[in-house]
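Heads up: the structure comes next, in structure tokens.
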Amino acid sequence: ERLTHIILVYSGISIFLIPLIQDGALYKIKYVFFTFALFVFLLLLLVSLIFTIRLILPVQIAYLSEPRKYYKEYRLEYEKYYQDQDQIKNLLKASYIKELQIALETNQLLFRRKGAFYYNALVYGLLSIIPFLICLGFHVSFQEDKIQKVHIVKTEINRNFNMSDLKLI
């Protein structure tokens with residue numbers, strides 16, 4: 001769901017991305033303000049893309065060990081040093097809670113980092129729309145009119161064509 005918001009911004013921008021880059025690279029539009037706006041746009045878009053890539057990269061999340069590990073390995077280790085079964089049970093619970101806390105803290109940190117990546121990707125993507133619209137305005141205003149001439153077919157040819165069609169029927 002989060003990624004779709006970012007992709008929506010990118011898809012809107014990508015429609016005119018190549019023509020704007022061509023305008024800047026081929027010096028079709030020779031205004032400093034256009035060049036500056038294009039540079040800012042591409043910089044903000046690049047930063048947004050970096051955060052998006054960091055967002056979608058997989059990360060190693062923390063998992064808990066199997067309960068068998070506590071009842072086989074840890075129990076045997078605790079039984080070497082302690083004789084009281086209640087104390088051993090409490091130590092096993094404390095070990096499990098400690099591992100649970102470490103896993104939870106690790107996953108919360110990862111969740112916060114991914115949230116920050118999403119936020120930064122979206123904000124920089126949305127900020128890039130402002131210089132994008134400026135560049136788009138330049139692009140549209142300097143677009144050459146390529147009007148094609150329409151050739152009118154003589155009406156006599158059309159009439160002859162229609163008459164010949166009727167004779168065949």
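Basis for what follows: all heavy atoms, side chains included, without hydrogens, waters or symmetry-related copies.
- In terms of the side chain to side chain donor-acceptor pair (under 3.5 Å) criterion, residue partners of Asp23 (sequence neighbours excluded) are, by chain and number, His139.
- Two residues are said to be in side-chain contact when any heavy atoms from C-beta on lie closer than 4.5 Å; Leu3 and Thr52 meet this criterion.
- A 4.5 Å side-chain heavy-atom check between Ser48 and Tyr10 finds at least one atom pair inside the cut-off.
- Using a 30° and 60° split on the angle between ring planes, Phe138 and Phe34 fall in the perpendicular class, above 60°.
- Hydrophobic cluster membership differs between Tyr82 and Ile97, with clusters built from Ile, Leu, Val, Met, Phe, Trp and Tyr side chains linked at under 4.5 angstrom.
- Transitive grouping of hydrophobic side chains (ILVMFWY, heavy atoms separated by less than 4.5 Å) keeps Phe36 and Leu43 in distinct clusters.
- Ile6 places a side-chain heavy atom less than 4.5 Å from the side chain of Leu55.
- Residue Val123 is not grouped with residue Ile53 when hydrophobic side chains (ILVMFWY) are merged at heavy-atom distances under 4.5 angstrom, including chains of intermediate members.
- There is a path of hydrophobic side-chain contacts, each under 4.5 Å, that joins Tyr119 to Leu122.
- Atoms CG and CD1, from Leu44 and Ile129 in turn, are 10.5 Å apart once rounded to the nearest 0.5 Å.
- One distance of note links CD1 of Ile21 with CG of Leu26; it measures 11.0 Å at 0.5 Å rounding.
- The closest side-chain heavy-atom distance from Phe41 to Ile134 is not below 4.5 Å.
- The OH atom of Tyr78 sits 11.0 Å away from atom CG of Asn90, with the distance rounded to the nearest 0.5 Å.
- Contact of the Lys114 side chain with the Val59 side chain is registered, since non-hydrogen atoms from C-beta on lie closer than 4.5 Å.
- For the atom pair Leu38 CG and Ile29 CD1, the distance stands at 9.0 Å (nearest 0.5 Å).
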Please determine whether side-chain contact (heavy atoms from CB on, under 4.5 Å) holds for the pair Glu73 and Glu77, giving the CA-CA distance in whole Å, both sets of side-chain angles, and the decisive distance to 0.1 Å. CA-CA 6 Å; Glu73 294 176 22; Glu77 187 69 29; over 6 Å; no
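- Residues Gly125 and Ile13 approach most closely at O-CD1, 4.1 Å, considering heavy atoms.
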Give the C-alpha distance, both sets of side-chain angles, the deciding distance and a yes or no for side-chain contact (heavy atoms from CB on, under 4.5 Å) between Tyr74 and Tyr96. CA-CA 10 Å; Tyr74 289 168; Tyr96 183 75; over 6 Å; no
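- We find the CG-CG distance between Leu45 and Leu17 to be 6.5 Å, quoted to the nearest 0.5 Å.
- Transitive grouping of hydrophobic side chains (ILVMFWY, heavy atoms separated by less than 4.5 Å) keeps Leu57 and Ile50 in distinct clusters.
- Of all the heavy atoms in Ala103 and Ala62, the pair that sits closest is CA-CB, 3.6 Å.
- For the atom pair NE2 of His5 and CG of Leu8, the computed distance is 8.0 Å after rounding to the nearest 0.5 Å.
- The local environment of CZ in Phe142 is crowded, with over 12 non-hydrogen atoms from other residues, nucleotides or ligands closer than 6.0 Å.
- Remark: of the listed residues Leu110, Thr106, Leu104, Leu104 is the sole one forming a side-chain contact (heavy atoms from CB on, under 4.5 Å) with Gln108.
- Put simply, the side chain of Asn107 never gets that close to the backbone of Ile61: no donor and acceptor are under 3.5 Å apart.
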